[in-house]
K.L.:
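Got a structure for you, written out below as structure tokens; questions coming shortly.
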Amino acid sequence: MTLMAGAALGGLAVATVFPSIPEATRNLVGLPVPPAVGASPAPSEAAKGDGHGHAEGGDHAAGEEGHIEMTAEQVEAAGIRVAAVQPGVLVSRAAVPGVLSASQDRQARVTARLGGIVSEVRRTLGEEVAKGDVLAVLESREVADAKGEYLAATRVAALAETTLAREARLWRQRISAEQEFLQARTAAEDARIKVDLGRARLAAFGLSEAEVTALARQPATTLRRLELRAPIAGRVTARNAVLGAAVAADAEVFSVADLSTLWVEMTIPPRDVPMVRQGQSVLITGEGDMHAEGKIIFLSPVLDPETRSARAVAEIPNAGGARRAGGFVTAHLSTAEQPVDVLVPRDAVQEVEGNKVVFVRNEEGFELREVALGREDANGYEVVFGLDAGTEIAVGNAFSLRAELSKSEAGHAH
């Protein structure tokens, strides 16, 4: 052993002095083989990097996988809405066809209460009108006679009042007999009754109290004029008045409707009748992006004898007149409600590589998180795994985050 140790030390010394000894001789005597000139260091000595050739600790342009860095200003500029996840209620709905119509509580027919000739037409079809606006003017002999009789009755009544005051004074002074005083009082009462009857007749023709009062100050040529006024504020939906045309009594001349509220006429099939009730909320959808919440204001207590269906009416707002009467819609009636612990809007859930994900808000921006979904309805999903109530996620315009994530991954593909 002493001899072997000495030989090894001697060989090391020789190899140091004579580095050109052949590799086979070195192997024979157990000497180390020097590395070739320009050779790479052993794997254990090389810097360890990732699978794409990045050195350990090197910067990845996309950041950590599934993360999107965005400032609050960028989130707002992108139109991304963020909200905390909350418990909710899933609603099962039944779809029923419906038709939009003007509310019968908010429309009026303007009729000619007596025959005449149309002398003026002041409002056109579709025009907005206020309550009391003049729509058209008729000329009628009947209204002229009624106004003339009323004016004559007022003059007779004024004379009768003067006579009564004189007879009352003379009777108190014992100058005239009591009988003359009583006759004057009876005549005054009769005159008042005729005035009241004349006023009532003019009111039946559509004249307001102010118009009746102003008759005495108007010229005689205007007595034959009868103004047709709008009974409510709204829009002119029908006009049958033609300048110079004759109009019969009780004929419909205009139709005015307040379209700020519409009705949805529905026919409820027999299978859904037990689940519908008056006062129930209903979701109305239609062409384009029409989406409105309404309430059932009428449910017929009688079924159709042939179809066994029930008529129902829902009322929806129509601010600005965006929706038009006569259009077809679909009414979604709630048939069952199921409470869930975590409910997210449908727009919040995106699909990435075949997985359902949401984007969770954090200090740097958003973090992609895979979730497991359960039940669903027309508005949202139940999350059964991967998300807790109170967590803030992107609930609006979340698809833009998915697009941003795809763009980042494409930029770092090798």
K.L.:
Could you list the donor-acceptor pairs under 3.5 angstrom formed by side chains in residues 317-326, with sequence neighbours left out?
P.N.:
{"residue": "Asn318", "atom": "OD1", "partner": "Ala322", "partner atom": "N", "Å": "3.4"}
{"residue": "Asn318", "atom": "OD1", "partner": "Arg323", "partner atom": "N", "Å": "2.9"}
{"residue": "Asn318", "atom": "ND2", "partner": "Leu259", "partner atom": "O", "Å": "2.9"}
{"residue": "Asn318", "atom": "ND2", "partner": "Arg323", "partner atom": "O", "Å": "3.0"}
{"residue": "Arg323", "atom": "NH1", "partner": "Pro317", "partner atom": "O", "Å": "2.9"}

K.L.:
So, do Glu180 and Leu170 sit near enough that their side-chain heavy atoms are less than 4.5 Å apart?
P.N.:
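Result no, sub-4.5 Å side-chain heavy-atom pair not found.
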K.L.:
I'd like to know if the side chain of Lys147 and the backbone of Arg225 have a donor-acceptor N/O pair within less than 3.5 Å.
P.N.:
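Such a contact is found between Lys147 side chain and Arg225 backbone.
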K.L.:
Look at the side chain of Thr307 and the backbone N and O of Asp304, then say whether any donor-acceptor pair between them is shorter than 3.5 Å.
P.N.:
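Here the side-chain-to-backbone pair does not exist.
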K.L.:
Would Glu161 and Arg192 count as a salt bridge (charged side-chain N to carboxylate O under 4.0 Å, His left out) here? Give the steps.
P.N.:
CA-CA 9 Å; Glu161 292 293 338; Arg192 293 192 199 106; 2.6 Å; yes
K.L.:
Of all residues at least two apart in sequence or in a different chain, which pass the side chain to side chain donor-acceptor pair (under 3.5 Å) check with Arg375?
P.N.:
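Partners of Arg375 under the side chain to side chain donor-acceptor pair (under 3.5 Å) test: Glu382.
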K.L.:
Show the atom names and distances, to 0.1 Å, of all donor-acceptor pairs under 3.5 Å that link a side chain in residues 131-139 to residues at least two apart or in another chain.
P.N.:
{"residue": "Asp133", "atom": "OD2", "partner": "Ala130", "partner atom": "N", "Å": "2.9"}
{"residue": "Glu139", "atom": "OE1", "partner": "Arg224", "partner atom": "NE", "Å": "3.4"}

K.L.:
Taking only residues two or more places apart in sequence or in another chain, which ones pass ring-ring contact (aromatic ring centres under 6.0 Å, His included) with Phe181?
P.N.:
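Partners of Phe181 by the ring-ring contact (aromatic ring centres under 6.0 Å, His included) criterion, ordered by chain and then number, come out as Trp171.
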K.L.:
Donor-acceptor check, side chain of Thr111 to backbone of Arg113, threshold 3.5 angstrom: yes or no?
P.N.:
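Not at all, since once roles are kept as given, no pair shorter than 3.5 Å links the two residues.
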K.L.:
Salt bridge between Arg239 and Glu127, side-chain N to carboxylate O under 4.0 Å?
P.N.:
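Glu127 and Arg239: not salt-bridged.
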K.L.:
Tell me, please, which residues at least two apart from Arg311 pass side chain to side chain donor-acceptor pair (under 3.5 Å).
P.N.:
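Only Glu265 meet the side chain to side chain donor-acceptor pair (under 3.5 Å) criterion with Arg311.
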K.L.:
For Ala246, which residues count as a side-chain contact (heavy atoms from CB on, under 4.5 Å) partner, sequence neighbours excluded?
P.N.:
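Ile117.
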K.L.:
Excluding sequence neighbours, so at least two apart, what forms side-chain contact (heavy atoms from CB on, under 4.5 Å) with Leu373?
P.N.:
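Leu373 satisfies side-chain contact (heavy atoms from CB on, under 4.5 Å) with Val349, Lys356, Val371, Tyr381, Val383 only.
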K.L.:
Could I get the full list of side chain to side chain donor-acceptor pair (under 3.5 Å) partners for Glu293, not counting sequence neighbours?
P.N.:
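Side chain to side chain donor-acceptor pair (under 3.5 Å) list for Glu293, sorted by chain: empty.
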K.L.:
Which residues pass the side-chain contact (heavy atoms from CB on, under 4.5 Å) test with Glu209, not counting sequence neighbours?
P.N.:
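Glu209 satisfies side-chain contact (heavy atoms from CB on, under 4.5 Å) with Arg199, Thr213 only.
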K.L.:
Under the side-chain contact (heavy atoms from CB on, under 4.5 Å) test, which residues partner Thr162, sequence neighbours left out?
P.N.:
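side-chain contact (heavy atoms from CB on, under 4.5 Å) list for Thr162, sorted by chain: empty.
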K.L.:
Which pairs, with at least one residue in residues 101-123 and sequence neighbours excluded, count as a ring pair (Phe, Tyr, Trp, His ring centres under 6.0 Å)?
P.N.:
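Output for this query is empty, none listed.
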K.L.:
Sequence neighbours left out, what passes side chain to side chain donor-acceptor pair (under 3.5 Å) with Gln86? Give chain and number order.
P.N.:
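Applying side chain to side chain donor-acceptor pair (under 3.5 Å) to Gln86 gives none.
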